[in-house]
Amino acid sequence: MTMRLQKNRFTIYPKLLLGFLIAILPVYMLGIFLNHQVANSLREQILQSMQSNVKFYLSSLENEISKIDKFKRSLVVDEDLMTLGTIAPALSENELRETILRLERKLTLLKDSSSYIAEVSFHIPLINKKIKPGTYVDGVPIDSLNQIRTKMQQQLSPLLWWDNKLLLSSYYPESAFSNRVPVFLIEIEIDQNMILKDLRNMVDQGEAIIFFNKDNKYISNNRLGDVSDEIHSLVTQKNSSSNDRAIIENNGKRYLVSLQRSPNYDFTLAIYTPESVIMRDFDKFNILFWVLFVLSILVTVMFSYWIFKTIRNPLRNMLIAFRKVEQGDLSIRTSQVSNDEFLDLSDQFNKMVNQLQSLIQEVYEQQIRTQQSELKQLQSQINPHFLYNSFFILHQLIEFEDMDNARKFIGYLGNYFQFITRDAKSELPLSQEVKHSEAYVNIQSMRFGDRIRVNFEPIPEQYGLVHVPRLILQPIIENAFEYGLESKPSEGVLHITNFTRDHLLYIRFEDNGTLLTEEKLEHLSDMFRMNSVGLEITGILNVHRRLQIKFGRSAGLEVYRSDLGGLGVMMKIPLMKEDET
């Protein structure tokens, strides 16, 4: 049970480790939270920067297209264009050629007015010619013109995506209810390469651009992967918003997207960049943060273990020393190399053991002296009444010439006084103590005759070798005669029996005396419980104390009212010492 508790206990090392982790983990949790907040703030700032770029360039592009559109509208009402589209057959060949030349020069001026114009031309069905800057060609695709007109009627924006071209076109007349062939059509092709060039100058190295309309016709540098479908879906889902910032995913990659729609020309400009590119430096910092976190945990574990070893080793040495002291080894001394609190503890322990050893030696010697003094007092204490009665009995035996009993009686007295008065060892085998007690019982039996009957059960031979203090049986028997049986005129009984249980030898003394009151029994019990030095040092209390000095707290005497009605005394003698169990 003790080993199980020791294995399951919450030792110092996990307490130290848990304490350090509790101290640093909130800091790192706060760091992770701040890290997350900084990442979100960085994304938001980047998106705002991208949004500003998109807005600026979109405004510039709208202004440029608006300027081109105004120039185009001025050409719609041009006199030469109207002449060629309506009354060209009435012109002479020379007038027709001069009119075409003037239109060519005007188209040249229009083309040179903006770098965004890739090509500009007039389609005039009446003369079946396509006029371009500096030249003209025969042939007008009527079907294509009708399709372009139909497409332009279906949209509000003047910009038209047609045949992979971005066109800014006008036709005359602009009536939606007329199905006849247009008188003329002005077609201005916007230079997509120039748009891409300007967009490339606008964006950073890690960004890409896409320029598209609602039909998903787009211009893109397409260097970071085609995400046009995702961006177009984003615009479709948020059709009510003219601008937006978002994070989309494509093929497992996250992209930061900033886009803005032009309400006048029905196209959207978007800048997108992989989040990994934008967050590259931050991700490096984030990796360093987690490396630092792992290193901190490792350092915490190692530092906790170092503190644990610094504390555990001195404590373990002290614990070993305490266990040796517990086992009775007072010669143990501890030493501590480090000059810290454990050195003070070690010095105090050594002082304590020295003092304890001195006190134990003093107490032990005092107990021995007290025991020997009490034993000598018992040996020297011969009851005058007992001595007078013994000599009176001897006188009567001689007077009645009962020499056999007189010789026996003298032998009993001789053995009794020899045992009492000789200065021998304070301990002896239990068998010798029983022999002396039997001699005392025989003397008392000859004294009282048939008035008192003593039943002395023999001690088993194997327990007769147990060494016990001298004079532990006779004082109890003497007490039974003097305070319980001496006043009985007849039929006095004293039973001395024994039995063993739990490595203890029990010797029981029971009489049928009538003088024991409950007050006397309680007073006698209190004397055994108190076991005070201040009480009398003779009689059965002395026996109780000497048994406990010899064998420990499990030995001694207990008093009770016997089944015979008188005093009962139970003597307990351990068959092995307490420190041997």
Side-chain angles (χ1 to χ4, degrees), residues 58 60-88 96 99-192 194-195 211-215 217 219 262-267:
L58 185 63
S60 301
L61 185 60
E62 284 182 333
N63 291 335
E64 192 66 28
I65 294 176
S66 177
K67 182 176 71 172
I68 297 172
D69 190 40
K70 288 180 182 179
F71 208 150
K72 179 203 69 173
R73 290 183 181 276
S74 67
L75 291 176
V76 172
V77 295
D78 184 79
E79 182 179 355
D80 291 332
L81 185 57
M82 294 295 291
T83 299
L84 291 177
T86 56
I87 60 173
L96 180 63
T99 303
I100 292 175
L101 288 174
R102 287 195 297 272
L103 284 177
E104 289 178 356
R105 287 194 294 271
K106 292 176 182 178
L107 290 178
T108 300
L109 291 174
L110 175 59
K111 182 178 180 181
D112 293 341
S113 66
S114 176
S115 60
Y116 281 82
I117 299 177
E119 191 62 66
V120 59
S121 60
F122 290 145
H123 295 274
I124 306 175
L126 185 60
I127 60 176
N128 193 29
K129 293 185 184 300
K130 177 182 179 182
I131 301 174
K132 300 192 295 184
T135 185
Y136 67 89
V137 294
D138 294 331
V140 175
I142 301 300
D143 292 340
S144 178
L145 292 181
N146 288 330
Q147 292 175 4
I148 291 175
R149 182 180 65 177
T150 301
K151 184 69 174 176
M152 292 179 66
Q153 289 174 351
Q154 294 174 353
Q155 66 180 36
L156 299 177
S157 173
L159 280 176
L160 175 67
W161 294 81
W162 185 264
D163 195 21
N164 293 326
K165 296 179 181 180
L166 182 59
L167 303 177
L168 188 62
S169 302
S170 290
Y171 60 90
Y172 183 85
E174 295 183 350
S175 175
F177 301 101
S178 175
N179 292 323
R180 69 174 187 169
V181 177
V183 175
F184 60 82
L185 185 141
I186 303 174
E187 184 180 271
I188 302 174
E189 181 183 354
I190 304 299
D191 192 347
Q192 299 182 36
M194 183 56 67
I195 294 177
F211 178 86
F212 61 96
N213 72 343
K214 64 180 181 179
D215 297 326
K217 303 294 185 180
I219 304 171
S262 172
N264 298 324
Y265 297 102
D266 194 24
F267 64 79

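Between the OG atom in Ser121 and the CG atom in Leu110 there is a gap of 10.5 Å [rounded to 0.5 Å]. In this structure, CD1 in Ile131 is found 9.5 Å from CG in Leu101, a value given to the nearest 0.5 Å. With rounding to the nearest 0.5 Å, the separation of NZ in Lys132 from NZ in Lys111 is 8.5 Å. Between the CD1 atom of Ile142 and the CG atom of Leu185 there is a distance of 10.5 Å, given to the nearest 0.5 Å. To the nearest 0.5 angstrom, Thr86 atom OG1 is 7.5 Å from Leu126 atom CG. Between the CD1 atom in Ile117 and the CD1 atom in Ile188 there is a gap of 5.5 Å [rounded to 0.5 Å].
Remark: the Thr108 side chain and the Arg105 side chain contain no N/O donor-acceptor pair separated by less than 3.5 Å.
Pairing each heavy atom of Ser113 with each of Phe71, the nearest pair is OG-CD1, 3.9 Å. Nearest heavy atoms, Leu166 versus Gln192: N-NE2, 3.6 Å. Across Ser114 and Ile68, no two heavy atoms sit closer than the pair OG-CD1, 3.5 Å. In terms of heavy atoms, Pro182 sits closest to Pro125 at O-CG, 3.2 Å.
Considering only heavy atoms from C-beta on, Lys129 stays 4.5 Å or farther from Phe122 through its side chain. In this structure, the side chains of Leu81 and Ile124 come closer than 4.5 Å at one or more pairs of heavy atoms. With contacts defined as side-chain heavy-atom distances shorter than 4.5 Å, the pair Ser115/Asp191 does not qualify. Ser169 places none of its side-chain heavy atoms less than 4.5 Å from the side chain of Lys72. Annotation: side chain of Asn63 is not in contact with side chain of Lys67 (no heavy-atom distance under 4.5 Å).
The 12-atom threshold is not exceeded at OH of Tyr136, counting heavy atoms of other residues, nucleotides or ligands nearer than 6.0 Å.
With sequence neighbours excluded, the residues forming a salt bridge (Lys or Arg N to Asp or Glu O under 4.0 Å) with Lys106 are Asp78, Asp80, listed by chain and number. Annotation: side-chain hydrogen bond (donor to acceptor under 3.5 Å, both in side chains) contacts of Thr83 (sequence neighbours excluded): none.
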